[in-house]
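Proteins get letters first, then strands, A, B, ... in listed order; numbering begins at 1 in each.
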There are 2 protein chains.
Amino acid sequence: MGLSRNDLLTIGQLAERSGLATSALRYYEKLGLIHAERTSGNQRRYARATLRRVAFVRAAQRVGLSLEEARTALDRLPEDRAPSTAEWSGVAQSWQSRIDRQIDELERLKVKLTGCIGCGCLSLSRCALYNAEDRAAAAGPGARYLLTRDPSSGPEPHPSTG
Amino acid sequence: MGLSRNDLLTIGQLAERSGLATSALRYYEKLGLIHAERTSGNQRRYARATLRRVAFVRAAQRVGLSLEEARTALDRLPEDRAPSTAEWSGVAQSWQSRIDRQIDELERLKVKLTGCIGCGCLSLSRCALYNAEDRAAAAGPGARYLLTRDPSSGPEPHPSTG
DNA sequence: GTGCAAGTTGAAGTCGACTTCAAGTCAAGC
DNA sequence: GCTTGACTTGAAGTCGACTTCAACTTGCAC
């Protein structure tokens, strides 16, 4: 399990240690999330700090960021060393409020479901589940685009061609 | 805004009332989530109860179910009337535990982030963010496949061809 | 110096949940 | 009866985050 040489990781080693597939790491590199030196034979060699960047990206995804957003956040942290408390706390705090919003939305949904049990609900007239008001609010990771259909808030699902 | 005739909704009306696009409703029909009668001219006409089914599907998505899973859950509820308290409570309770798991995972992530602020963390040796142990646990809606790489738990990301 | 696992590339495929398109048909108001 | 907007279909496109493929090259153990 030891590193083969002076602290540089092959893509396979980074994959094993980060829990990601090598193909994912190459993909991350293409997006500019991580970066590797090359051997004379053109193989990638990663600095150990890359492990940190990968962990950061995975955590970012868990808070609901896209890889593109993760890249932006990553740009505000140093590439070659651990961030200082100050550097880190800004990021962490904005993530915390994201998490809080997600938790909040889940709590509200839970209350609605409980209400529905109590009132024998799902009748068309006044079930809370039918009131879509806060659909766009905070939805979990990855789900934002799936559950939002309210044109007055948040990004459009696929504004590409039309 | 009134219904044009005897309680049957056109696809446009159902779209407006449910907040979904007509294309989404046709897609739901193709998946067997909803069903429509037809006019002599082959246009869809929906019973009002369809509104309930659609609402159910959207709620299911918010708890993290796929449309396929929603269809399965839907099969256990009556198609033409509001479910009884008994019929509903089984579903609602299983959703609640899903929600609880999701909240739980978010709480844990939040604690980790707080820890990282306090300890000037993100050093490679012992930052909690690096310990991926519970990655596969509960992740939010839609995110399960993105964040899971642990072969010992949960569904494989894309086991299709290989 | 050879064998073979592990690396390289770009292009194409996958997944779920839809949307968009093209080419036509229906329904309802005037 | 005509116009026009809402509807019909199947096929193809979109999105993000990867994975898979094919054809090839490197690097390390023996």
Would you find a donor on one side and an acceptor on the other, under 3.5 Å apart, between the side chain of Arg53(B) and the backbone of Leu33(B)?
-> yes

Rounding to a whole Å, what distance do you find between Tyr28(B):OH and dC18(C):C1'?
-> 9 Å

For Thr39(A), report the nucleic acid contact type (base, sugar-phosphate, nothing); a contact means any heavy atom under 4.0 Å.
-> sugar-phosphate

Rounded off to whole Å, could you give me the CG-to-C1' distance for the Leu67(B) and dC15(C) pair?
-> 13 Å

Out of dC18(C), dC18(D), dT19(D), which nucleotide sits closest to the side chain of Ala21(A)?
-> dT19(D)

Find the distance Leu14(A):CG to dG7(C):P and express it as a whole number of Å.
-> 10 Å

Please tell me which of the listed nucleotides, dG7(C), dT19(D), dT8(D), lies nearest to the side chain of Gln43(B)?
-> dT8(D)

Please confirm whether the backbone N or O of Ser66(A) pairs with a side-chain atom of Glu69(A), one donor and one acceptor, at under 3.5 Å?
-> yes

Can you sort out which residues in residues 30-38 of chain B have a heavy atom within less than 4.0 Å of DNA chain D? Ascending by number, please.
-> Arg38(B)

What is the nucleic acid contact for Arg26(A), judged by heavy atoms within less than 4.0 Å: base, sugar-phosphate only, or nothing?
-> base

Interatomic distance where CD belongs to Glu69(A) and P belongs to dC15(D) [whole Å] | 16 Å

Closest to the 5' end of DNA chain D, once Tyr27(A) and Asn42(A) are matched to their nearest nucleotides, is Tyr27(A)

Whole-Å distance separating the CD1 atom of Ile11(B) from the C1' atom of dA6(D) | 10 Å

With distance as the sole test, does Glu87(A) use its side chain to make a donor-acceptor pair with the main-chain N or O of Arg76(A) at under 3.5 Å?
-> no

Looking only at side-chain atoms of Arg44(A), point me to the closest of dT9(C), dC18(C), dG7(C).
-> dT9(C)

5'-most contact on DNA chain C (nearest-nucleotide basis), Val57(B) vs Gly41(B), goes to Val57(B)

Look at the aromatic rings of Trp95(A) and Phe56(A) and report parallel, tilted or perpendicular, splitting at 30° and 60°.
-> tilted

Ignoring hydrogens and angles, tell me if any N or O in the side chain of Glu16(A) forms a donor-acceptor pair with the backbone of Gln13(A) under 3.5 Å.
-> no

Taking dT20(D), dT8(D), dC28(D) as options, the one with an atom nearest any side-chain atom of Arg45(A) is dC28(D)

Spacing of CG belonging to Leu14(A) relative to OG1 belonging to Thr50(A), to within rounding of 0.5 Å = 6.5 Å

Out of dA17(C), dT8(C), dC18(D), whichever nucleotide has its closest atom nearest the side chain of Ser66(B) | dA17(C)

